[in-house]
Amino acid sequence: MARRCEICGKGQVSGNNVSHSMRHTRRKWNANIQSVKINDNGTVRRANVCTRCMRSKKIERAI
């Protein structure tokens, strides 16, 4: 499953893990992407959507 929201485009972000001794190692933050059924102009399909878009009602869930 792709780590990108089909609605807003939110995806994976990278940065540094910083320890107490200030050593930097690379790490990544994954967006909370869920595979849900949505109504897309009357047709039901599966989409990879972030939980922020689900909570803000940017999509219409199919039952």
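None of these values were measured; they are calculated from a predicted model.
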Item to check | Results of side-chain hydrogen bond (donor to acceptor under 3.5 Å, both in side chains) for N30 - residues two or more places apart only | outcome: Q12
Checklist entry - Taking it one step at a time, do R46 and V36 satisfy side-chain contact (heavy atoms from CB on, under 4.5 Å)? => result CA-CA 5 Å; R46 285 205 171 267; V36 295; 5.8 Å; no
Next on the checklist: Can you give me the closest heavy-atom contact between R3 and A31, atom names plus distance?
Outcome noted: NH1-O, 3.3 Å
Checklist outcome for this item: Residue pairs meeting salt bridge (Lys or Arg N to Asp or Glu O under 4.0 Å), one or both in residues 17-45, sequence neighbours left out, come to E6-R45, D40-R45
Checklist entry - Can you name the nearest heavy-atom pair linking N39 to R61, along with the distance? => result ND2-O, 4.1 Å
Item to check | Minimum heavy-atom distance between I33 and R4, given as atom pair plus value | outcome: CD1-C, 3.9 Å
Checklist entry - Mind checking whether Q34 and N48 have side chains closer than 4.5 Å, heavy atoms only? => result no
Checklist entry - OG1/T25 to CG/N17 distance, rounded to the nearest 0.5 angstrom? => result 4.5 Å
Checklist entry - Measuring from H24:NE2 to S19:OG, what's the distance to the nearest 0.5 Å? => result 8.5 Å
Next on the checklist: How long is the straight-line distance from NZ of K58 back to SG of C53, given to the nearest 0.5 Å?
Outcome noted: 4.5 Å
Item to check | For T43, side-chain hydrogen bond (donor to acceptor under 3.5 Å, both in side chains) partners two or more places apart | outcome: none
Checklist entry - Does any non-hydrogen side-chain atom of C50 lie less than 4.5 Å from one of I7? => result no
